[in-house]
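To start, the structure under review is shown below, and the notes come after it.
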Protein chains: 2
Amino acid sequence: MRILHDVHDRDPAEGGLRGRKKRETRAALVAAAVRLAAEHGAENVTVDAISEAAGVSPRTFFNYFDSRDEAFVMVGAESSGRVRQAVLAAPADVPPLAALRDALAAELGEVEQRHELWRLHSEVLRRSPHLLARSIGAHVEDEFMLAETLAERIGAGSPLFTGDRLPFGTAEGELRRQALGLYPRLLAAVGATAVRVAVEHWCVRQDEATFEAVFRTVFDHLAAGLTEPVVPVVPADEA
Amino acid sequence: MRILHDVHDRDPAEGGLRGRKKRETRAALVAAAVRLAAEHGAENVTVDAISEAAGVSPRTFFNYFDSRDEAFVMVGAESSGRVRQAVLAAPADVPPLAALRDALAAELGEVEQRHELWRLHSEVLRRSPHLLARSIGAHVEDEFMLAETLAERIGAGSPLFTGDRLPFGTAEGELRRQALGLYPRLLAAVGATAVRVAVEHWCVRQDEATFEAVFRTVFDHLAAGLTEPVVPVVPADEA
DNA sequence: TATATTTTTGCAGGCTCTGCATATTTGCGT
DNA sequence: ACGCAAATATGCAGAGCCTGCAAAAATATA
């Protein structure tokens with residue numbers, strides 16, 4: 001099922017010493033970047049400082065990221081794959097939107113507790129809206145891979161799904177993108193948007209409602225066709 | 001009703017020579033940037049080249065944009081305001097989602113013909129996915145202003161709407177953002193996402209359907225609560 | 001151990017972006 | 001028309017971002 005595109009298409013789950021060290025270095029760079037940004041403000045953190053904190057040379061930094069800002073934003077890199085896996089694993093009779101909702105909820109629930117790095121990350125994004133914009137754009141690629149997975153889940157039978165990293169921005173990536181239906185694409189994009197809105201809204205009003213409640217409300221709105229709510233959202237009679 | 005925040009909060013519709021020249025310069029820079037990018041590829045266009053083509057100094061470029069990429073992305077700057085105006089002008093009995101759909105459709109219809117610059121712009125975004133990501137993030141601010149307008153339209157009665165440029169990334173902007181309800185925020189974000197998906201899908205399959213058809217299909221999906229379509233979207237029996 | 005492949009690193013150099021001082025332009029009252 | 005005040009444009013210096021290239025170090029393989 002997997003397609004080898006060229007020499008650079010190595011096994012992403014490489015188990016050898018090489019792959020392990022690469023993952024460690026990437027994680028170390030992200031952690032250093034986020035921690036330094038949380039302390040000094042993102043715009044005051046240089047590539048040299050991040051590299052030194054991670055124990056590599058400044059030149060190596062750019063072997064891992066295309067720009068400095070990317071290091072501040074690549075915190076949820078592994079989440080994308082787990083969400084796609086959960087979408088595929090959902091029972092067959094669950095409608096697509098619900099499958100997506102549950103997959104996202106499960107991932108967000110885990111992520112919320114597991115890594116304390118996420119708190120710092122959201123802190124950094126709040127203090128640097130410039131990075132929030134960057135973060136949204138950075139996940140466009142994830143969004144399209146999710147669309148492929150949803151297409152497979154629905155049974156649109158995309159034979160193009162491979163599970164490997166999408167060569168975003170390449171001619172071949174464009175070809176695969178073309179073959180995708182409109183509905184899965186929309187579902188993936190709206191799902192990502194829903195998560196973003198829920199997170200933003202909750203970050204700003206943490207004391208008014210739990211994240212789960214906000215998240216569920218958002219997807220209720222979507223399932224209701226975005227009709228105007230007659231009662232203010234999250235009414236008291238929910239209990 | 002308007003709130004003066006500080007010295008920099010000038011009248012955006014300034015009619016004098018100053019305001020006119022500023023708008024002209026900004027438009028000249030955007031046009032030069034897009035044209036050069038369409039010809040040589042965005043990554044091969046320097047700030048010096050853009051500035052020279054627009055007839056200003058390189059230093060002046062950065063008085064108008066925070067980064068070089070911003071000039072490639074600021075093509076639809078005036079659209080945002082017209083959409084908000086159209087949302088407010090919709091008849092009172094039109095549901096929010098439909099009002100938003102019609103406002104966006106009207107603007108997209110005008111934009112599609114008026115400026116030939118848009119063709120070049122989409123060309124540039126296709127050839128530089130890096131800029132597509134940037135573009136999405138760049139319109140987060142527009143999205144929030146739209147949310148404010150939708151809140152006013154719905155009658156949630158946001159007394160915070162002022163119509164002026166939102167001071168994005170400032171403490172005061174955060175405060176205004178907090179006071180906004182979840183539903184208008186979601187509606188604005190999903191609307192922007194819908195436009196993006198429709199444009200992306202249509203750009204890639206221009207020969208299969210008109211943009212209006214794709215756009216209408218997307219909003220039909222939204223109104224239907226994103227349920228799985230039983231028939232492939234845009235079925236033949238539509239005619 | 002010897003060889004091939006991959007990754008890291010240093011270095012040179014161009015480009016991006018900012019702060020500051022200065023010159024130019026515009027708004028406005030006289 | 002003239003002059004003052006405010007806004008804008010410009011030049012310059014300097015820090016930082018990012019890339020290509022070639023050599024060195026680390027890793028895989030035989």
Side-chain angles (χ1 to χ4, degrees), chain A residues 4 6-29 32-33 36-37 40-74 128 130-131 133-134 169, chain B residues 4 6-29 32-33 36-37 40-74 128 130-131 134 138 169:
Chain A
L4 294 186
D6 64 354
V7 192
H8 296 292
D9 200 356
R10 298 170 301 281
D11 192 343
E14 192 172 355
L17 187 62
R18 256 190 195 139
R20 182 164 55 81
K21 273 194 122 180
K22 269 181 85 168
R23 277 191 299 273
E24 285 174 1
T25 301
R26 171 173 255 107
L29 284 169
L36 287 171
H40 304 106
E43 68 276 6
N44 299 319
V45 178
T46 66
V47 171
D48 285 15
I50 300 171
S51 311
E52 186 179 344
V56 297
S57 84
R59 183 61 183 85
T60 298
F61 178 94
F62 291 105
N63 289 338
Y64 283 89
F65 306 103
D66 286 339
S67 76
R68 181 192 62 145
D69 289 350
E70 205 170 331
F72 298 131
V73 149
M74 283 300 177
S128 305
H130 159 255
L131 285 182
R134 181 78 81 147
Chain B
L4 294 185
D6 63 355
V7 192
H8 295 293
D9 198 355
R10 298 168 300 283
D11 191 344
E14 192 173 354
L17 226 181
R18 246 178 206 153
R20 183 164 55 81
K21 273 195 122 179
K22 270 181 86 168
R23 277 191 299 273
E24 284 175 1
T25 301
R26 172 174 254 106
L29 284 169
L36 287 172
H40 303 107
E43 68 276 6
N44 299 319
V45 178
T46 66
V47 171
D48 285 13
I50 299 172
S51 310
E52 186 179 343
V56 297
S57 83
R59 182 63 184 82
T60 298
F61 178 94
F62 291 105
N63 290 338
Y64 283 88
F65 305 102
D66 286 338
S67 76
R68 181 193 61 142
D69 290 350
E70 206 170 331
F72 298 130
V73 149
M74 281 302 177
S128 304
H130 159 255
L131 286 182
R134 182 78 81 149

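Proteins get letters first, then strands, A, B, ... in listed order; numbering begins at 1 in each. Side-chain atoms are counted along with the backbone in the values below, which use heavy atoms only and exclude waters and symmetry mates.
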- Side chain of Lys22(A) - closest among dA9(D), dC17(D), dT7(C): dT7(C)
- Query: Asp66(A) versus His130(B): any side-chain heavy-atom pair under 4.5 Å?
  - Reply: no
- Query: For Ala37(B) and Phe72(B), which heavy atoms make the closest approach, and how far apart are they?
  - Reply: CB-CE2, 3.7 Å
- Message: What's Asp48(A) touching, base or sugar-phosphate or nothing? Going by heavy atoms closer than 4.0 Å.
- Response: nothing
- Message: Apply side-chain contact (heavy atoms from CB on, under 4.5 Å) to residues Arg134(A) and Ser67(A) and explain how you reach the verdict.
- Response: CA-CA 11 Å; Arg134(A) 181 78 81 147; Ser67(A) 76; 3.9 Å; yes
- Query: Starting at CZ of Phe62(A) and ending at P of dC11(C), how long is that distance when rounded to a whole Å?
  - Reply: 17 Å
- Quick one, which residues of residues 51-61 of chain A touch DNA chain C with a heavy atom under 4.0 Å? Val56(A), Ser57(A), Arg59(A), Thr60(A)
- Task: Round to a whole Å and report the spacing from CZ of Phe65(B) to P of dC17(C).
- Result: 12 Å
- Task: Provide, to the nearest angstrom, the distance between the CZ atom belonging to Arg68(A) and the C1' atom belonging to dG16(D).
- Result: 9 Å
- Message: On a heavy-atom basis, which atom in Ala42(A) and which in Leu131(A) lie closest, and how many Å separate them?
- Response: CB-CD1, 3.6 Å
- Query: Does NZ or CZ of Arg26(A) fall inside the cone over Phe65(A)'s six-membered ring, less than 6.0 Å from its centre and within 45° of the axis?
  - Reply: yes
- Query: Closest approach of Ile50(A) and Ala33(A), non-hydrogen atoms and distance?
  - Reply: CD1-CB, 3.8 Å
- Take the protein atom CG of Asn44(A) and the nucleotide atom P of dG19(C), then report the distance between them rounded to whole Å. 11 Å
- Residue pair Leu29(A) / Ala54(A): nearest heavy atoms and the distance that separates them: CD2-CB, 3.5 Å
- Query: Under 4.0 Å: is that the gap between some side-chain N or O of Tyr64(A) and OP1 or OP2 of dT8(C)?
  - Reply: yes
- Task: Provide, to the nearest angstrom, the distance between the CG atom belonging to Asn63(B) and the P atom belonging to dG11(D).
- Result: 12 Å
- Task: Would you give a per-nucleotide map of nucleotides 22-30 of chain D, 5' to 3', where B means the base has a protein non-hydrogen atom under 4.0 Å away, S means only the sugar-phosphate does, and - means neither?
- Result: ----BBS--
- Task: Specify the separation, in whole Å, of atom CZ of Arg23(B) and atom C1' of dT8(D).
- Result: 15 Å
- Query: Over how many whole Å does the gap from Glu24(B) atom CD to dA9(D) atom C1' extend?
  - Reply: 15 Å
- What heavy-atom pair brings Pro58(B) and Val47(B) nearest, and what distance separates the two atoms? O-CG1, 4.1 Å
- Task: Can you tell me the distance, in whole Å, between the CZ atom of Arg20(B) and the P atom of dT25(C)?
- Result: 15 Å
- Is there a donor-acceptor contact under 3.5 Å from the side chain of Thr25(A) to the main chain of Lys21(A)? yes
